[in-house]
Every structure is written in structure tokens, then in C-alpha cells.
> 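Once you've had a glance at the structure underneath, I'll fire off some questions.
Just so it is clear: chains get the letters A, B, ... in the order the sequence lines come, proteins before strands, and each one is counted from 1. Note that the structure is predicted; figures quoted are calculated from it, not measured. The analysis underlying the following values was restricted to heavy atoms, covering all of them including side chains, and did not include hydrogens, waters or symmetry mates.
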Protein chains: 2
Amino acid sequence: MKETIPENPPLGLLLRLVHQHWTQAVDNALDAAGFGDIRPPHANVFTFTPAEGIQVSELTKLAHVRKQTMTQAVEELEKLGYVERRPDPNDRRGRLVFLTGRGKAVRPIASATGRKVDERWAELTSAEEMETLRQALRLLFEKVRDDVPARPASDTDG
Amino acid sequence: MKETIPENPPLGLLLRLVHQHWTQAVDNALDAAGFGDIRPPHANVFTFTPAEGIQVSELTKLAHVRKQTMTQAVEELEKLGYVERRPDPNDRRGRLVFLTGRGKAVRPIASATGRKVDERWAELTSAEEMETLRQALRLLFEKVRDDVPARPASDTDG
DNA sequence: GTCAGATAGTAAGGTACCTGTCTAATATCA
DNA sequence: TGATATTAGACAGGTACCTTACTATCTGAC
């Protein structure tokens, strides 16, 4: 069945459907590149981990996910041999995440999948159309994030 | 911490953040209306259930979620006393979902929360801006949904 | 009339997020 | 310097989606 959508769909439905497609497209791109063991949440780690290492807490801020989500992504990549964690010499509470040799080899592909999906979608519509969408989403997010707190801040969390 | 986003964020990040805000805003609106026991996925049931009853399969097509997701929403609303299920007289495989008296009383509020969030967001930006976004998402979805199947169709599922 | 294939619903299980609470280590400042 | 607040990370648990696999029933082609 073709996923027909009503004439004037609730915004939430559109956001959900497009976001689902995006996630799936990234997953497909990773598979196509031969990295079936890397899933979308892992891509953030490749994108944001610098050579000097980085704490999980920092990664959560860059990727805008919660600590447990990022911790899990890092743990999985550690098991797969793409990253390793070592104590932070400057902060005994923390551990630094580093890419392994294998991780460094994968990084250009893994961190580029998001961009590739963007490019493919620009082919299907147009670069202008994608830019319009991106700007509309950015503007909306800037405006609404300060409205009656959308997600009440946790006490203990970022 | 203010959720600052990079200058040129991946589209997936924007989609996720805005969608999360939307869901949370609907949840807040339901709470504010005094229906803390109704959560966003339930709203679809109120929106799409007609007086003559409807099968869960039909609801899944209207709301664009999978059978189990909708089944769960209906089961929860049944426990809460908002809907009831009766055998479909025309199809012994199926059961029809009906709103109870209580469900009918709630419907106008529950099914309107999505629209209310849309309106609030239009106040925060502008009606034109929201329409631009909606059209951009619609256009994109129409174009990409036929590209290399985003979610390979299941054998057994709609 | 029978039988292949579609469809309604159920069940079991997975993913990517989220929350709250807790411990250890660090930073602050009266 | 000692009380207090903050931060890093671990752990337990929840939500809203998803998939695959199964049974019962219906439908349409022969």
C-alpha cells in the first residue's frame, strides 16, 4: 500500500514519517557501504570523536541525545572494535573515547552517510527545496525551544 | 543548557529535535486539558474512530503506524474505559472499535490537541512559516517515499 | 467446491530514544 | 577547610515505534 497522507496532515505525522525515512536511508547507506554492523546512532560517535579523545558527556551535547543513549552507542562500538575508552588523565571521574585504527579507517564513510542522504534527497527534490526545509526547521526549533518547556529539564541530566 | 545546534546541522538531527518537541507539546496539551491518562498515540484513535466503529487495521492506515502500535493504543484506551471492541458482524476475523460514552465526551478535546499545537507554533513563528514547513515536508515525503524502498515492505504487514 | 493467496488480529522480540536515582570525583566558596 | 553543589558515568525502567512469525477467516480463480 502506498502511504497516502491526508490533504492537511498534522505536522507531527509529517515529521514522524520523514524522520523515519531519514533514519532508514542512513541505515541503508551504511549497509551499502559494507558496514552493516554500524547503525545510525553510532554515526554520531564517528562524526564527533576527535583525535585527542572525548568524554561521553561531551558527545551527548554534540549529538543532542541523553547520556544513556550515547553510552550504549559507545559500548556497542567498543565491542565491535571501532572505539576504545581510557581513563581521562585530567578528570578521574571521566573516561575518554578514542577511535581505534579500525575506527579511524571507517570514519570518513560513517560520518559522511548523513551528508550522502542529504545529497540524494536534494537530487530527488532540489537543493533549494532542501535548504528551505532546513531553514524552516531551524527557525521553528529556535522559536519553540523556549516556549513552555517542551521537555522539562531533568535534575541530573544534561 | 540551551540546546544549541551547529550552523549546518544534519537534517536528521533537526527532524528528530522538532519531532520530539511536537510530541512533548501534544502530551503537555493533553495534561493541561485534564487528560493525563491519554498519551499522544491515543489521540489518533479519538481522531479516526467513527460512530459506526472501525477495525484496527483501518486505524493503522489512517494513522500510519503498524498494527501492534495501534493495537496497544486501543487496548490501553479500552482499559481506561474510553473505547470498547465488539465483533465485526460482517467479518468474523475482525473486531470493531467504538468510542464509549466517556470516549465520546473526550473526543473533541483529544482529537484537537494536534491542531492546538499547530496553532501555538504558528503564533510563535507565523502561519506562513508553518505552511512553508508543512509543504516542504509533504513534497519531500512524496518524492522520497518511492526512492529505493525506505522501509522494505513486510510480507505480512500492510 | 476447493484451494492459493490476501487480510485481521495476536504474540514475541528489537531499537532508539527517554526518565529518575545512585556513587564517585570534582569544583566552589563562606 | 569543610559543607554544598555540580558533574561523569552506571543502573533500572519506560515509551513509541518497528519486525517476523503465527492462526483464523475471507476471497477469488479455477
> Under 4.0 Å from OP1 or OP2 of dT19(D): is there any side-chain N or O of R66(B) that close?
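Checking dT19(D) against R66(B), a side-chain N or O does come within under 4.0 Å of OP1 or OP2.
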> Any side-chain heavy atom of L11(A) sitting closer than 4.5 Å to one from W121(B)?
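A side-chain contact exists here, since the closest heavy-atom pair is under 4.5 Å.
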> Both conditions, 6.0 Å and 45 degrees, for the charged tip of R86(A) above the ring of F98(A): are they met here?
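Output yes; distance and angle both within limits.
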> Mapping E75(A) and R16(A) to their closest nucleotides on DNA chain D, which lands nearer the 5' end?
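So the residue in question is E75(A).
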> What integer distance in Å separates H21(B):NE2 from dC17(C):P?
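Between P of dC17(C) and NE2 of H21(B): 15 Å.
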> Are L139(A) and L139(B) linked, directly or through intermediate hydrophobic residues, by side-chain heavy-atom contacts shorter than 4.5 Å (ILVMFWY only)?
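Hydrophobic grouping puts L139(B) apart from L139(A).
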> Is there a side-chain contact between E58(A) and I54(A) (heavy atoms, below 4.5 Å)?
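When only atoms from C-beta onward are counted, I54(A) and E58(A) do touch, with a gap below 4.5 Å.
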> What is the distance, to the nearest angstrom, from the CG atom on D37(B) to the C1' atom on dT15(D)?
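So the CG-C1' distance, D37(B) to dT15(D), works out to 16 Å.
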> Measure CG/L96(B) against P/dA8(C) and give the value in whole Å, please.
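One finds 12 Å between P of dA8(C) and CG of L96(B), rounded.
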> Tell me which nucleotide among dT10(C), dC18(C), dG9(C) gets nearest to the side chain of Q55(B).
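Side chain of Q55(B) sits closest to dG9(C).
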> Please report the distance, rounded to the nearest Å, between NE2 in H19(B) and C1' in dC18(D).
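About 14 Å, once rounded to whole Å.
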> So is R107(B) actually on top of F46(B)'s ring, under 6.0 Å and inside 45° of the axis?
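The answer is no, since R107(B) fails at least one limit relative to F46(B).
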> Give one of base, sugar-phosphate or nothing for T71(A), where a contact means two heavy atoms less than 4.0 Å apart.
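Result for T71(A) = sugar-phosphate.
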> Considering only dG9(C), dC17(C), dC18(D), which nucleotide approaches the side chain of K67(B) most closely?
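From the listed options, dG9(C) comes nearest.
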> Distance check: side-chain N/O of S57(A) vs OP1/OP2 of dA8(D), anything under 4.0 Å?
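S57(A) to dA8(D) OP1/OP2: side-chain N or O found under 4.0 Å.
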> Could D118(A) and R134(A) be called an ion pair, given the rule that one side-chain N must be under 4.0 Å from one carboxylate O?
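R134(A) and D118(A): salt-bridged.
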> Please give, in whole Å, the distance from dA8(D) C1' to L59(A) CG?
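One finds 13 Å between C1' of dA8(D) and CG of L59(A), rounded.
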> For the pair made of CD in Q20(A) and C1' in dC17(C), what is the distance, rounded to whole Å?
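Taking atom C1' of dC17(C) as the reference, CD of Q20(A) is at 13 Å.
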> Does any residue of residues 80-93 of chain A have a heavy atom under 4.0 Å from DNA chain C, and if so, which ones, in number order?
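Only D91(A), R92(A), R93(A) qualify.
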> What about Q68(A): does its side chain form a donor-acceptor pair under 3.5 Å with the base of dC18(C)?
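Yes, a donor-acceptor pair under 3.5 Å.
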> What nucleotide, of dG9(C), dC17(C), dG9(D), holds the atom closest to the side chain of R95(A)?
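For R95(A), the side-chain atoms sit closest to dG9(D).
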> So which nucleotide from dG9(D), dG9(C), dC18(D) ends up closest to the side chain of V56(A)?
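For V56(A), the side-chain atoms sit closest to dG9(D).
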> Would you please say whether a donor-acceptor pair under 3.5 Å links the side chains of Q72(B) and E76(B)?
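Yes, a side-chain donor-acceptor pair sits under 3.5 Å.
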> In whole Å, I'd like the distance from the CD atom of Q72(B) to the P atom of dG13(C).
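Rounded to whole Å, this separation is 16 Å.
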> Can you check the D27(A) CG to dC17(D) C1' distance for me, whole Å?
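Those two atoms, CG and C1', are 15 Å apart.
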